[in-house]
2 protein chains.
Amino acid sequence: MSIQAVAAKAGVSVATVSRAFNFPDKVTRSTRELVERVARELDYVPNASARTLRTQRSRALGVVLPTLLNPTFAECLQGIARAAIAGGYAIIPVTTGYQLDEEERAVHLLLAGNVDGLILVVSNPSTSAALARLRGTGTPYVLAYNRHPEHPCVTVDGEAAVADAVARLVLHGHRRIAMVSGTLAASDRAQQRYRGYRKGMADAGLKAPPLIEVPFVESAVDALAGVLQVPGRPTALVCSNDLLAIRSIRAAHLGGLAVPDDLSVIGFDGIALGEDLTPALTTIAQPNDDIGRRSVELLIQAMAGGTALQADASLLLPYFFRDGESCAAARDNAND
Amino acid sequence: MSIQAVAAKAGVSVATVSRAFNFPDKVTRSTRELVERVARELDYVPNASARTLRTQRSRALGVVLPTLLNPTFAECLQGIARAAIAGGYAIIPVTTGYQLDEEERAVHLLLAGNVDGLILVVSNPSTSAALARLRGTGTPYVLAYNRHPEHPCVTVDGEAAVADAVARLVLHGHRRIAMVSGTLAASDRAQQRYRGYRKGMADAGLKAPPLIEVPFVESAVDALAGVLQVPGRPTALVCSNDLLAIRSIRAAHLGGLAVPDDLSVIGFDGIALGEDLTPALTTIAQPNDDIGRRSVELLIQAMAGGTALQADASLLLPYFFRDGESCAAARDNAND
DNA sequence: CTGTTAGCGCATTCAT
DNA sequence: ATGAATGCGCTAACAG
């Protein structure tokens with residue numbers, strides 16, 4: 001079903017059909033209605049590939065994400081999708097599973113697909129080969145969640161946020177505060193958050209115990225069990241993301257510790273599900289939806305201006321401390 | 001960067017470049033290597049739109065899902081993605097937010113995008129206008145999670161599964177078993193599961209209390225609070241999905257009921273997160289990943305054969321009862 | 001306001 | 001084994 005067929009049946013030229021669709025006011029009202037009617041009768045759908053080939057723009061944005069199994073990114077994608085539709089763009093999401101070679105493959109795929117722009121969450125902007133390649137092509141892009149002085153980024157100040165969280169815990173009487181994180185090397189976010197943790201501890205004049213690094217989420221519960229059993233165990237855990245926080249709570253439970261009575265747990269991300277849990281998750285909430293939305297808006301705006309997005313267009317969005325039930329004041333006798 | 005440029009720089013014809021990429025053995029070893037080298041130097045990426053236009057196939061599959069905020073569908077999409085890549089296909093996921101007009105829009109968008117096939121989760125196959133339209137086009141498709149005698153579907157027997165779950169609860173001494181569901185009208189899955197609940201109750205000779213229908217997840221906790229406070233309240237809740245189960249547990253907690261001591265809760269879906277919760281969620285686990293994978297395999301196989309997928313190709317995958325901690329035997333004195 | 005036509009980048013005949 | 005030429009469906013000049 002091509003434009004040709006519609007033109008033939010309507011008794012007009014293909015150019016007229018094209019105009020009727022793309023510039024409705026450049027054709028007579030009657031012609032437009034005729035074309036629309038015929039098109040509907042024929043179930044005509046304009047061919048996106050042909051249009052893209054001809055116009056050299058796809059009106060599609062590529063989105064590169066680590067995974068959709070973490071609700072953080074699912075929520076962000078939701079925001080991206082909404083904003084993209086509003087701006088007349090389709091989106092093509094691709095997940096990388098936190099793997100560098102998948103990042104490259106994703107960028108390659110999307111570039112071949114003629115996307116007009118890219119939104120990506122990379123593991124580390126400084127070392128991402130995919131990002132370097134992308135930059136070379138001149139295709140507009142923006143990073144979400146990442147933070148780097150040489151790239152346009154939309155994120156929150158993760159370092160300040162975690163320092164903040166530590167300060168709150170200290171205010172609640174906690175002294176033995178540990179941090180739980182995924183592999184540091186795998187993500188610049190994790191690194192920032194860890195820096196914030198150390199800063200928060202230093203500011204409070206506390207000695208920071210070693211980072212509890214959990215390489216595989218599957219083993220998180222086991223890994224934590226050990227740490228929570230020793231004498232002088234932490235009374236509070238700052239987790240680098242909400243999924244880790246949820247698993248920390250489980251580990252505590254399995255170890256016979258009640259949350260928050262025996263152990264306070266604070267997460268990072270602000271996934272919606274956290275509010276429905278018992279105990280409701282205390283967390284540093286990022287505006288995941290907004291991070292997506294603003295990324296798209298930045299990108300679309302830049303593409304309209306024809307200018308590639310610069311690093312100084314970066315946005316630092318506010319984060320919020322979401323009070324839940326997984327944190328409480330330290331008990332005086334928390335020396336068990 | 002087009003095939004022309006590569007041909008020119010390599011001193012061969014465009015046809016040769018094309019062959020070097022698509023039929024490496026139809027070209028001399030030396031020319032192939034030459035072309036590959038030049039292409040790499042020029043950062044040449046074949047243009048997907050042009051290829052699609054020319055070949056009339058995109059090697060892309062459209063995926064229509066209600067939402068990615070429910071991990072069930074995120075997990076399924078993961079399976080779809082893996083299988084699609086393995087089969088040499090890209091995927092284009094689109095979410096509908098459970099809205100019928102969005103279903104239509106999504107199908108329209110994907111058809112315009114020249115997808116070679118579609119995997120969709122619709123609200124109700126019997127009433128879906130999008131599905132009717134799609135069928136008319138002759139584009140191969142398969143439904144996931146839905147179940148309908150006239151369409152190719154990949155899902156589990158939700159009715160039997162819930163009947164099963166009820167039987168287990170009865171075996172544990174429960175008599176006052178209620179079901180919690182989203183809007184029945186909005187999903188054929190919810191309807192099937194509700195049928196299974198009634199069957200299970202009838203088989204046990206029990207009277208089924210009215211369905212606890214929760215139109216908006218946001219109000220689930222409030223809606224449940226009422227039901228759980230009345231005398232003769234249920235001692236067990238069968239929930240139509242895991243997210244509802246999680247909220248039911250929270251509602252119980254807020255109402256002063258302990259799970260599973262005062263109230264047993266069983267979910268449906270088998271989201272991975274359920275295993276990390278405290279109490280770990282007891283649930284009827286669907287093989288979400290497999291539902292996605294098998295859907296893709298069915299589709300690809302049909303497309304290879306050139307035959308449109310028939311309803312009799314439908315797959316009914318096994319479900320599993322995943323034992324957690326949110327269910328326990330009914331207490332004798334559960335009459336509070 | 002409408003029609004004619006060229007060409008986007010590629011795969012694929014048909015020659016050689 | 002390689003090259004020349006055609007057309008996929010569409011939009012954007014240009015002409016009328």
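So that the names make sense, note that chain A is the first sequence line, chain B the second, and so on, each numbered from 1.
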Positive for side chain to side chain donor-acceptor pair (under 3.5 Å) with B:H148, one of B:S128, B:S314, B:S126 | B:S126
Identified side-chain contact (heavy atoms from CB on, under 4.5 Å) counterpart of A:V142 within the set A:L309, A:L118, A:L61 |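 Only one option passes, and that is A:L309.
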Side chains of A:T52 and A:N114: is there a donor and an acceptor less than 3.5 Å apart?
->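 The answer is no; no qualifying pair exists.
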Which atom pairs, one a donor and one an acceptor, fall under 3.5 Å between side chains of residues 32-39 of chain A and the rest of the protein, sequence neighbours left out?
unit_1	atom_1	unit_2	atom_2	d
A:R32	NH1	A:P24	O	3.0
A:R37	NH1	A:E41	OE2	2.8

Protein-to-nucleotide contact annotation, 5' to 3' order, nucleotides 6-16 of chain D [B base; S sugar-phosphate only; - none; under 4.0 Å, heavy atom] | -BBBBBBB---
Spacing between B:K26 atom NZ and C:dT13 atom C1', to the nearest angstrom = 10 Å
Can you tell me if the side-chain N/O atoms of A:T16 get under 4.0 Å from OP1 or OP2 in C:dG3?
-> yes
Can you find a heavy atom in the side chain of [X] that is under 4.5 Å from one in the side chain of [Y]?
{"X": "B:R135", "Y": "B:E150", "value": "yes"}
{"X": "B:L317", "Y": "B:V154", "value": "yes"}
{"X": "B:R51", "Y": "B:N22", "value": "yes"}
{"X": "A:I92", "Y": "A:L110", "value": "yes"}

Degree of bending in the helix from C:dC1-D:dG16 to C:dT16-D:dA1 once both end axes are built from five pairs, to 10° | 40°
What residues 28-38 of chain A contributes to the DNA chain D interface at heavy-atom separation below 4.0 Å is none
Among residues two or more places apart or on two chains, list those pairs meeting salt bridge (Lys or Arg N to Asp or Glu O under 4.0 Å) that have a residue in residues 59-86 of chain B.
-> B:R82-B:D289
Of all pairs that satisfy salt bridge (Lys or Arg N to Asp or Glu O under 4.0 Å), the ones with a partner from residues 95-108 of chain B, not counting sequence neighbours =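 For residues 95-108 of chain B, and leaving out neighbouring residues, the salt bridge (Lys or Arg N to Asp or Glu O under 4.0 Å) pairs sorted by first residue read B:E102-B:R105, B:E104-B:R133.
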